[in-house]
Amino acid sequence: MPEGPELHLASCYINTVCAGLIFSGKVEKSEVSKNPEVPFESDAYVISAVSRGKEVKLTLMPLKGQSQNGPQQPMDVVFRFGMSGSFKFTPEAELPKHAHLRFYTKESPRRALCFVDFRRFGRWEVDGTWQLDRGPCVMLEYEKFRENVLKNLSDKAFNKPICEALLNQKFFNGIGNYLRAEILYRLKIPPFEKARTVLEALQHPKQSPGLTLSKKVKLKRENPDLLELCHVVPMEVVRMGGKGYGPEHSDDSAAFEAWLQCYYVPGMRSLRDGNGRTIWFQGEPGPMAPKGEKSRKKSSRKGQITNRVKLCLEQHKLSDRKKEASEEVTKPAAKRRPKSSSCQEKGVTRSGRKKGKELVPGAEHGKAAEAREPSTRPRRKAAASQEPPAREAPAAAAKRRVPARRSAGTAAAATRSRRVKAE
DNA sequence: CGTCCACGTCTAC
DNA sequence: TAGACCTGGACGG
């Protein structure tokens, strides 16, 4: 769920499903969550939500005249979704797995508004306020957002490549990994061009004397600049409705995937940025691109999928980094993960990667020795322009991985039905 | 079964 | 600038 559009759609979802509903009692937190208990209790209260960038604020409002034992004051709880947070409203008998915070209705078979977050990177704050160092919302406070960027271009945040600056929530509250790729792709801005260089050009927009006002307006609308796209692109996702980028398979998620033009799209290139995050793009990486990095272009998608069902099934498919084309096969690669420990619920030793830098240990020989291969998502329209160098190794290496989702109908149904138990 | 990857922050060295 | 923090799907062996 987690970029600006998903948070905003979550707030809309909450307001829709909770409209006219009365909640009652205490707020329950799962045992496993390390987030704070929410000390709110009321015989009758209503819930509403608002979003700002990558945060959602829930307001719990007691109904007047319902407080016999000490008037409970209204309470705000601010949520950040981490990598997997979302809200879901379900019957109490069908609580989703990983429902870490639950608000119950006053009706008889109760229902519950749940904050669901399987990875538990999400956070909430009791009596919370918008995080202080996050900037204006790119979707709902566009003018303030734009001014906050253009008036602070001397900030060192803009010394970074534009693709990294776009993830800085102090200036781009709401932009995340798929949005930065989609936004830069629309203008074909090299992701590793210096942010300040790209943004300074927007301070003094070139005039077009001679044009009528309406012509100028039209021109502007048809040629949005980078900051306008930081508003428009996420708004496109909001207007699609549904849940945006989420794990549930549905017509909505299929529409979302069809909407993506760059992120995880076959034919696009990808690199790890300075923070180890994958940036998807087309064309040149730009002057500040990490050197000796592994680029991975994709490979052409071979078997085109023609079957509709397959398209739905398809989804993502990631690919694998190391490519066998180079003879890299033998090297295990030196990255290893520090397995910390922890995990009371089971002894898990998880992993996670970090920087893509040394992916291919010895391989620095010139060209990109590897090929990752992205995925296969809905078919893009005829991929007309490919990039220059698709000249990867022969067709070799092209394995795709398919992240999540399974069949549309069945998956959704299956997911819905099971999931009764909570942690 | 082990490795890699994922829509994001946080905080310690 | 690294880890930490988590679960789980897709792959490879």
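Atom set for the values below is all heavy atoms of this structure, side chains included, hydrogens, waters and symmetry mates excluded. Within every chain, numbering begins at 1; the chains are lettered A, B, ... in the order of the sequence lines, protein sequences first and strands thereafter.
Under the 4.5 Å side-chain criterion, counting only non-hydrogen atoms from C-beta, L184(A) is in contact with L226(A). Residues D273(A) and R180(A) meet the side-chain proximity criterion, which asks for heavy atoms closer than 4.5 Å.
The side chain of T278(A) contributes an N or O atom lying less than 4.0 Å from OP1 or OP2 of dA6(B). Put simply, Q169(A) has no side-chain N or O that comes within less than 4.0 Å of OP1 or OP2 on dG8(B). Between R277(A) and the phosphate of dC7(B), there is a side-chain N or O to OP1/OP2 separation shorter than 4.0 Å. In this model, the phosphate group of dC5(C) is not approached by any side-chain N or O of K34(A) to a distance below 4.0 Å at OP1 or OP2. Contact between the side-chain N/O atoms of H98(A) and the OP1/OP2 oxygens of dG8(C) is found at a separation under 4.0 Å. Note on K243(A): every side-chain N or O is 4.0 Å or more away from OP1 and OP2 of dC7(B).
The CZ-C1' distance, from R123(A) to dC6(C), rounds to 10 Å in whole Å. Separating the CG atom of N275(A) from the C1' atom of dA4(C) is a distance of 15 Å, rounded to the nearest angstrom. Atom pair D117(A):CG and dT9(B):P shows a separation of 13 Å (rounding to whole Å applied). Straight-line distance from the CZ atom of R119(A) to the P atom of dT7(C): 10 Å, rounded to whole Å. Look at CG on L167(A): it is 11 Å from C1' on dT9(B), rounded to the nearest Å. In this entry the distance linking CD1 of I279(A) with P of dC7(B) reads 10 Å, nearest Å. Taking atom NE2 on H100(A) and atom P on dC5(C), their separation rounds to 16 Å, with Å as the unit. Regarding K54(A), its NZ atom lies at a distance of 14 Å from the C1' atom of dC10(B), rounded to whole Å.
Among the protein residues, R134(A) comes within range of the sugar-phosphate backbone only, with heavy atoms under 4.0 Å from sugar or phosphate atoms but none that close to a base. Backbone-only engagement by Q131(A) is indicated by non-hydrogen atom pairs under 4.0 Å involving sugar-phosphate atoms exclusively.
A distance of about 14 Å separates the P atoms of dA12(B) and dC6(C), rounded to the whole Å. Annotation: dT1(C) and dC7(B) have their C1' atoms spaced 23 Å apart (nearest Å). Nucleotides dC5(C) and dC13(B) place their P atoms 12 Å apart, quoted to the nearest Å.
Counting distance only, with no hydrogens placed and no angle test, the side-chain atoms of R120(A) and the base atoms of dC6(C) include no donor-acceptor pair under 3.5 Å.
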Side-chain donor-acceptor pairs of residues 16-27 of chain A under 3.5 Å, sequence neighbours excluded:
from   : atom 1 : to     : atom 2 : distance (Å)
T16(A) : OG1    : C12(A) : O      : 2.9
S24(A) : OG     : D43(A) : O      : 2.6

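Taking N148(A) as the reference, N152(A) meet the side chain to side chain donor-acceptor pair (under 3.5 Å) condition, with sequence neighbours excluded. With sequence neighbours excluded, no residue satisfies ring-ring contact (aromatic ring centres under 6.0 Å, His included) with Y104(A). Judged as a ring-ring contact (aromatic ring centres under 6.0 Å, His included), and not counting sequence neighbours, the contacts of F158(A) are F171(A). The ring-ring contact (aromatic ring centres under 6.0 Å, His included) search around F192(A) returns none, not counting sequence neighbours. Remark: F103(A) engages no residue in a ring-ring contact (aromatic ring centres under 6.0 Å, His included) (not counting sequence neighbours).
Here the nucleotide nearest the side chain of Y178(A), chosen from dC7(B), dT7(C), dC10(B), is dC7(B). For R272(A), whose side chain is taken as the heavy atoms from C-beta onward, the closest listed nucleotide among dC5(B), dG8(B), dT7(C) is dC5(B).
Ring geometry for Y263(A) against Y178(A) counts as tilted: the plane angle lies between 30° and 60°, on a 0 to 90° scale.
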> Just the dot-bracket of DNA chain B, please: which string comes out with Watson-Crick or G-U pairs under 3.5 Å, [ ] for crossing, | for another strand?
Replying inline: ||||||.|||||.
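For residues 72-84 of chain A, every residue pair satisfying the salt bridge (charged side-chain N to carboxylate O under 4.0 Å, His left out) rule, not counting sequence neighbours, is listed here: E55(A)-R80(A), R80(A)-E125(A).
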Pull out every protein N or O sitting under 3.5 Å from an N or O of nucleotides 11-13 of chain B, one pair per line with the distance.
none

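dC7(B) has its base stacked against the ring of Y245(A), the centroids being under 5.5 angstrom apart at an interplanar angle below 30°. In this structure, the aromatic ring of F121(A) is positioned over the six-membered ring of the base of dG8(B), centres within 5.5 Å and planes within 30°.
Considering R110(A), R111(A), R102(A) in turn, R110(A) is the only one that fulfils the salt bridge (Lys or Arg N to Asp or Glu O under 4.0 Å) rule with E92(A).
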